[in-house]
Amino acid sequence: KDYAGNQYQLFSNDIEERSVEQIQLENDLFKALQRGDEFELYYQPKFDVRSDELIGTETLIRWNHPEFGLLSPGRFIPLAEETGLITALGEWVIKESCRQMKKWYDKGCTQLAVSANLSPQQFQQTDLASKVAAILKETGLPPQLLELELTENLIVNNTNQTLKTIRELKDLGVQISIDDFGTGYSSLGYLKDFPVDTLKIDKSFIDHMTTNANNAAIIKTIITLADSLKLNVIAEGVESRDQADFLARHGCYWIQGYLYSRPLPVSEFEERYVPSHS
Ligand code: C2E
Ligand code: CA
Ligand code: CA
Ligand code: CA
């Protein structure tokens, strides 16, 4: 039987493997993107342990679903990737991150950088850099205050276009960080070809670092690697003082994690970290 357009698509895609909830979420995601008011960015601060100084903030998306409540990205980012909706969603994330950060910049946070997570698919857009340029222009955020977090696998999988896009972004003045560093299945050769600024040590190494010698060794190796390539290094998922101390002792001074703060809604981040009007 012939079904028309979208409906045919919906039913032809391995329906047995998809739960009713997933199909509903997929439709809701599409609607939410058109409405635009159900997504929210949380802000998780990053600190320098030497001074306890705030050095940046990462945006982490949440979806206030009318029926299911607050959804974390693990529930809908994979879906957005499968359906291609990630392109529009990702663009919203960059724009909203820049718009909010410019507000805080105007309130005196002139050194505070904002990091947005990018999905691999966003990188397949050949016009990504020009989209980012347009967002920077529209919001007025200084480019060096925007950082994009990319995963290692993205970089390794599709070299030519990815390298071109990263170079274009660097030319705009944007910072590039490699997220979840150490979890990819790659040789490290790409690091010398890609103009990246920061390595972010994945939480999986931070967990159990003080009890598992392998994790500790990997962390030390990443810090040494960053140091010799003149890259910044930051650790994510730092929950304990012991972990922070270990990292600092080995030369990783930037940390992010529950030890300092969970990701916060705008109002709470503002209350704690943004100077009020003078
Ligand atoms: P990620 O980029 O590795 O982000 C770190 C995750 O660890 C976040 O989970 C954060 O809330 C959590 N986290 C931070 N510190 C700690 C800690 O000390 N302990 C523990 N247990 N967890 C900590 P979240 O917000 O659920 O995000 C999960 C993943 O979803 C992110 O991993 C990222 O890959 C993806 N994601 C989030 N926002 C976006 C977005 O706007 N766009 C895209 N493409 N992906 C996003
Ligand atoms: Ca990240
Ligand atoms: Ca990460
Ligand atoms: Ca991670």
Side-chain angles (χ1 to χ4, degrees), residues 29 32-33 36 38-47 49 56-64 69-101 113-125 128 132 135 146-155 175-184 196-209 215 218-219 222 232-244 247 254-266 268-269:
L29 192 61
L33 266 166
E38 289 174 8
F39 299 109
E40 187 179 352
L41 294 180
Y42 275 45
Y43 292 78
Q44 188 178 36
K46 304 177 179 185
F47 292 91
V49 289
T57 180
E58 175 179 6
T59 60
L60 295 154
I61 195 169
R62 304 288 181 261
W63 179 10
N64 292 300
L70 195 68
L71 300 184
S72 60
R75 288 280 298 283
F76 62 92
I77 289 285
L79 200 61
E81 281 168 347
E82 274 168 43
T83 53
L85 295 171
I86 192 69
T87 313
L89 190 60
E91 207 175 320
W92 178 84
V93 168
I94 300 173
K95 193 181 237 168
E96 182 57 21
S97 301
C98 292
R99 195 194 60 77
Q100 182 60 62
M101 194 49 51
V114 68
S115 316
N117 289 286
L118 287 203
S119 141
Q121 251 141 305
Q122 283 182 271
F123 253 81
Q124 284 161 21
Q125 306 172 82
L128 180 68
V132 171
I135 290 171
L146 175 64
E147 179 178 65
L148 300 175
E149 298 195 2
L150 322 176
T151 61
E152 203 175 350
N153 287 330
L154 170 158
I155 284 197
Q175 307 277 314
I176 304 287
S177 133
I178 309 292
D179 205 354
D180 302 337
F181 188 77
T183 61
V196 306
D197 302 283
T198 302
L199 304 182
K200 192 177 218 186
I201 306 172
D202 191 61
K203 178 179 180 300
S204 58
F205 302 116
I206 309 299
D207 296 342
H208 318 298
M209 69 152 89
N215 282 350
I218 291 169
I219 290 167
I222 296 175
N232 302 311
V233 63
I234 182 167
E236 70 172 11
V238 177
E239 295 181 346
S240 74
R241 184 40 68 186
D242 277 357
Q243 293 169 339
L247 287 159
W254 291 357
I255 68 156
Q256 188 182 351
Y258 294 174
L259 173 63
Y260 277 86
S261 172
R262 287 174 180 267
L264 304 169
V266 165
E268 248 177 275
F269 186 91

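In listed order, ligands and their atoms are each counted from 1. For clarity, every value in this text was computed on a predicted model and none was experimentally measured.
- Taking each of Glu58, Glu239, Glu149, Glu96 in turn, the one with a heavy atom nearest to atom 21 (N) of ligand 1 proves to be Glu239.
- With hydrogens and angles disregarded, a donor-acceptor distance shorter than 3.5 Å links the side chain of Gln125 to the backbone of Gln122.
- Val266 places a side-chain heavy atom less than 4.5 Å from the side chain of Gln100.
- Under a 4.0 Å criterion applied to the non-hydrogen atoms of Gly257, ligand 1 contributes the atoms 15 (N), 18 (O).
- Residue Arg62 places at least one N or O, backbone or side chain, under 3.5 Å from an N or O of ligand 1.
- The nearest N, O or S atom of Ser115 is not closer to the Ca ion (ligand 2) than 3.0 Å.
- Only side-chain heavy atoms of Asp180 come within less than 4.0 Å of ligand 1; its backbone N, CA, C and O stay farther off.
- Minimum-distance N/O/S atom of Glu58 relative to the Ca ion (ligand 2): OE2.
- Nearest to atom 2 (O) of ligand 1 by heavy atom, out of Thr183, Leu60, Asn117, Asp202, is Asn117.
- When the N, O or S atoms of Asp180 are ranked by distance to the Ca ion (ligand 4), OD1 comes first.
- Considering both main-chain and side-chain atoms, Gln122 never comes within under 3.5 Å of ligand 1 through any nitrogen or oxygen pair.
- Heavy atoms of Lys203 found under 4.0 angstrom from ligand 1 belong exclusively to the side chain.
- Closest approach of Ala244 and Ile255 over heavy atoms only: CB-CD1, 4.1 Å.
- The heavy atom nearest to atom 38 (N) of ligand 1, out of those in Ile94, Leu259, Ile61, is found in Ile61.
- The atom of Glu236 nearest to the Ca ion (ligand 4) is OE2, with the search restricted to N, O or S atoms.
- Atom-to-atom distance recorded for Asn232:CG and Trp254:CH2 is 3.5 Å, nearest 0.5 angstrom.
- Taking every heavy atom of both residues into account, Ile222 and Gly182 meet most closely at CD1-CA, 4.5 Å.
- Minimum-distance N/O/S atom of Glu149 relative to the Ca ion (ligand 2): OE1.
- A side-chain donor-acceptor contact under 3.5 Å links Asn215 to the backbone of Asp207.
- For a distance bound of 3.0 Å, the N, O or S atoms of Asp179 include one lying that close to the Ca ion (ligand 2).
- The atoms of ligand 1 that sit less than 4.0 Å from any heavy atom of Pro73 are 24 (P), 25 (O), 26 (O), 27 (O), 28 (C), 30 (O), 36 (N), 37 (C).
- The shortest separation from a heavy atom of Arg262 to ligand 1 is not under 4.0 Å, leaving the residue out of contact.
- Side-chain atoms of Ser204 and Asp202 include a donor-acceptor pair closer than 3.5 Å.
- At distances below 3.5 Å, not a single donor-acceptor pair connects side-chain atoms of Glu152 with backbone N or O atoms of Ile178.
- With a heavy-atom cut-off of 4.0 Å, Ser119 touches ligand 1 through backbone and side chain alike.
- Glu58 contributes atom CD, which lies 10.5 Å from atom CG of Leu41 (distance to the nearest 0.5 angstrom).
- Using a distance-only test at 3.5 Å, with no hydrogens or angles considered, a donor-acceptor pair links the side chain of Asp197 to the main chain of Ile176.
- One N or O on the side chain of Thr59 and one on the backbone of Ser115 form a donor-acceptor pair closer than 3.5 Å.
- Heavy-atom distances between Pro263 and ligand 1 reach below 4.0 Å in at least one pair.
- The backbone N or O of Glu81 sits less than 3.5 Å from a side-chain atom of Gln121, completing a donor-acceptor pair.
- The N, O or S atom of Asp202 with the smallest distance to the Ca ion (ligand 4) is OD1.
- For ligand 1, the atoms lying closer than 4.0 Å to a non-hydrogen atom of Gln44 are 14 (C), 15 (N).
- The closest approach between any non-hydrogen atom of Gly237 and ligand 1 is below 4.0 Å.
- When all heavy atoms of Gln256 and Pro45 are compared, the closest pair comes out as CG-O, 3.6 Å.
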